[in-house]
Amino acid sequence: MPEGHTIHRLARQFNDVFSGQPVLASSPQGRFSSGAEKIDGRLLVSAHAHGKQLFISFDHELTLRVHLGLYGAWDFGGDESFRGASSIGAPRRIGERELAASDEGYCGPPAPVGAVRLRLQTEHGWADLRGPSACELLTEQELVAQIAKLGPDPLRDAADAGQQFGRNVLAKKSASAIAGLLMDQSVVAGIGNIYRAELLFRNGIDPWQPGSSLQPGQVAALWADAVLLLARGVQAGKIITTERAEQRSSGALNYVYQRQGERCLHCPQTVLMTELAGRKLYYCPGCQQPGNS
DNA sequence: GGCCAATGCATAG
DNA sequence: TATGCCTTGGCCG
């Protein structure tokens, strides 16, 4: 469930509280025991996010790749250097959850609760990983291959990222619906089901319009909006796509996501929900009509 | 206690 | 297009 903003927050958290330190690694659940052994006692060098992939590098050339999938999450706890314990990943309710820190002194990590695939631990605190769809160690070559599969990430400041997104969407082969392309991590990395629905609504685009038929200006606007919304998500720790005045008047943080059956915030129509490629797609039939360009 | 959905993706047919 | 992965919390009994 986490989208790109969540993974970038995780990378920041790891860089803040783990980088440059030796870490103990274990797999209380047992499903990553052999991998945990390979990083146990190593120096954690740094963490990087690309789209929904989290990469954590260690001082022996191996890189941990973690993908949270639908329901993965990390829990953190430790002393004051952790700036409070938190949980970052799949929210169990709408909106991301960040637990308040306990005021008591740090006396080591608690016994693992539930299915903890990987626990990383320093003298200052710990991180528990549950429910990832991917947790594996990569060689340098494998890391390069993983990253090569990903499209541009709106949260990474590559100079030509927007142009790359435009080429990917407008390519002749991109005859498929723009709603599908936005979820394709080789087209753009980091957008998930909420951001794709909200981006299409905010830009007045029919979800079924083929990407290759969009106006270049529309594609540029979509990219700029993705950069804005994902950055807002990193800052807020949750996905907020409505504007402040609208939040005050309606209480809604999103325009269409999980608002099916409710009235559109911009027109008299009712927000609809359907399935596309096995995922729920939310949209306003009034604001997102075919041929809005 | 069981069932289901969830911000995802890989693989099979 | 359908199924599996794999975990938790909410809901229903």
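Lettering follows sequence order; numbering is per chain, from 1.
- What separates CG of Asn193(A) from C1' of dG8(B) is a distance of 10 Å, to the nearest Å.
- Nearest to the side-chain atoms of Arg279(A) among the listed nucleotides dG8(B), dA6(B), dT8(C) stands dG8(B).
- Here the P atom of nucleotide dG8(B) and the CG atom of Leu281(A) are 13 Å apart, to the nearest Å.
- Going from atom NZ of Lys280(A) over to atom P of dC9(B) covers 18 Å, rounded to whole Å.
- Residue-level contact check: Gly114(A) touches the backbone only, with heavy atoms under 4.0 Å from sugar-phosphate atoms and none from bases.
- Atom NE2 in His5(A) sits about 10 Å away from atom P in dG8(B), given to the nearest Å.
- Between the side chains of His48(A) and Ser46(A), a donor-acceptor pair is found at a separation under 3.5 Å.
- A donor-acceptor pair shorter than 3.5 Å can be found between the side chains of Glu246(A) and His266(A).
- The existence of a salt bridge linking Arg232(A) and Glu243(A) is confirmed by a sub-4.0 Å separation between a basic side-chain nitrogen and an acidic carboxylate oxygen.
- Rounded to a whole Å, the CG atom of Leu68(A) is 13 Å from the C1' atom of dC9(B).
- With rounding to whole Å, Leu54(A) atom CG is found 16 Å from dG8(B) atom P.
- Taking the P atom of each, dG13(B) and dC5(C) are spaced 14 Å apart, rounded to whole Å.
- Between Tyr282(A) and Thr274(A), every side-chain heavy-atom pair lies at or beyond the 4.5 Å cut-off.
- At the phosphate of dG8(B), neither OP1 nor OP2 sits under 4.0 Å from any side-chain N or O atom of His67(A).
- Nucleic acid contact for Arg196(A): none, since no nucleic acid atom lies under 4.0 Å from a heavy atom of the residue.
- Atom C1' of nucleotide dG8(B) and atom NE2 of His50(A) are separated by 16 Å, given to the nearest angstrom.
- Within the structure, a side-chain polar atom (N or O) of Gln258(A) is placed less than 4.0 Å from OP1 or OP2 of dA6(B).
- Cluster note: Leu281(A) groups with Trp208(A), Leu272(A), Leu276(A), Tyr283(A) through ILVMFWY side-chain heavy atoms spaced under 4.5 Å, whether in direct contact or through intervening members.
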Listed pairs, N/O of protein and of nucleotides 3-5 of chain C, under 3.5 Å:
none

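- Counting only distance, with no hydrogens or angles, the side chain of Gln288(A) and the backbone of Pro207(A) share no donor-acceptor pair below 3.5 Å.
- As a whole-Å value, the separation of Asp75(A) CG from dT8(C) P is 10 Å.
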Can you give me every donor-acceptor pair (side chain of residues 179-192 of chain A, partner residue at least two apart or in another chain, under 3.5 Å) with its distance?
from: Asp184(A); atom 1: OD1; to: Ser186(A); atom 2: N; distance (Å): 2.9
from: Asp184(A); atom 1: OD1; to: Ser186(A); atom 2: OG; distance (Å): 2.7
from: Gln185(A); atom 1: OE1; to: Gly190(A); atom 2: N; distance (Å): 2.9
from: Gln185(A); atom 1: NE2; to: Met183(A); atom 2: O; distance (Å): 3.3
from: Gln185(A); atom 1: NE2; to: Ile191(A); atom 2: O; distance (Å): 3.1

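- A sub-4.0 Å separation between OP1 or OP2 of dC9(B) and a side-chain N or O of Gln185(A) is present.
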